[in-house]
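Report on one structure; see the data block that follows.
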Amino acid sequence: YNHEVAGIVVGGVQIDTDRASQSLITGAALSAMLDDKYVCTWKAPTGAVQLSAAQLIGVATAVRTHVQACFDRECELLGAVADNSYVDAMLAEGWPA
């Protein structure tokens with residue numbers, strides 16, 4: 001969970017990836033998909049930025065990829081716990097950057 005919500009940088013913009021931000025990004029991406037001329041002001045941790053429809057879709061895709069990579073890593077670790085191959089050092093490895 002800590003890795004999931006740590007945030008990512010997309011196109012030089014810091015993007016929050018907490019659960020509320022994921023939802024807001026999904027909504028903005030839907031608007032972008034419905035209107036390719038859509039532009040919004042996004043509240044990034046470093047300040048407000050203007051994002052075009054294409055940029056919003058890119059942000060949404062990057063966030064979704066990040067979150068899925070975190071879920072996949074968690075499943076790998078749970079598998080290691082289940083088959084008794086888990087060692088503590090594994091917890092610090094394999095997470096998306």
For this session: Search all heavy atoms of Y86 against all heavy atoms of L91 and return the closest pair with its distance.
Result: OH-CB, 3.5 Å
Seminar exercise, completed: Correct closest heavy-atom pair for S52 and V39 would be CA-CG2, 4.2 Å
Exercise. Side chain of D16, backbone of D18: donor and acceptor closer than 3.5 Å?
Worked result: no
Problem set entry | Inter-residue atom distance L78.CG - D83.CG, 0.5 Å rounding | 11.0 Å
Exercise. Are V81 and F71 connected in the hydrophobic side-chain network, where two residues link if heavy atoms are under 4.5 Å apart?
Worked result: no
Problem set entry | Check: T26 and L24 side chains under 4.5 Å, non-hydrogen atoms | no
Problem set entry | Validation row: W95, L77 side chains within 4.5 angstrom (heavy atoms) | yes
Pairs under 3.5 angstrom only: tabulate donor-acceptor contacts from the side chains of residues 57-66 to other protein residues two or more places apart or in another chain.
from	atom 1	to	atom 2	distance (Å)
T61	OG1	I57	O	2.9
R64	NH2	Q68	OE1	2.6
T65	OG1	T61	O	2.8
H66	NE2	H3	O	3.0
H66	NE2	E4	O	3.3

Problem set entry | Residue list, side-chain hydrogen bond (donor to acceptor under 3.5 Å, both in side chains) with S31, at least two apart or on another chain | none
Exercise. Is it true that atom CE of M33 has more than 12 heavy atoms of other residues, nucleotides or ligands lying nearer than 6.0 Å?
Worked result: no
Exercise. Side-chain donor-acceptor pair under 3.5 Å between Q50 and T41, yes or no?
Worked result: yes
Exercise. Quick one: are L34 and L30 in side-chain contact, heavy atoms under 4.5 Å?
Worked result: yes
Exercise. Does S21 reach the main-chain N or O of T17 with its side chain, forming a donor-acceptor pair under 3.5 Å?
Worked result: no
Exercise. Is there a side chain to side chain contact (heavy atoms under 4.5 Å, CB included) between V9 and V13 once you walk through the steps?
Worked result: CA-CA 5 Å; V9 176; V13 178; 5.9 Å; no
Exercise. With the 4.5 Å side-chain cut-off for hydrophobic clustering, are V5 and I8 part of the same group?
Worked result: no
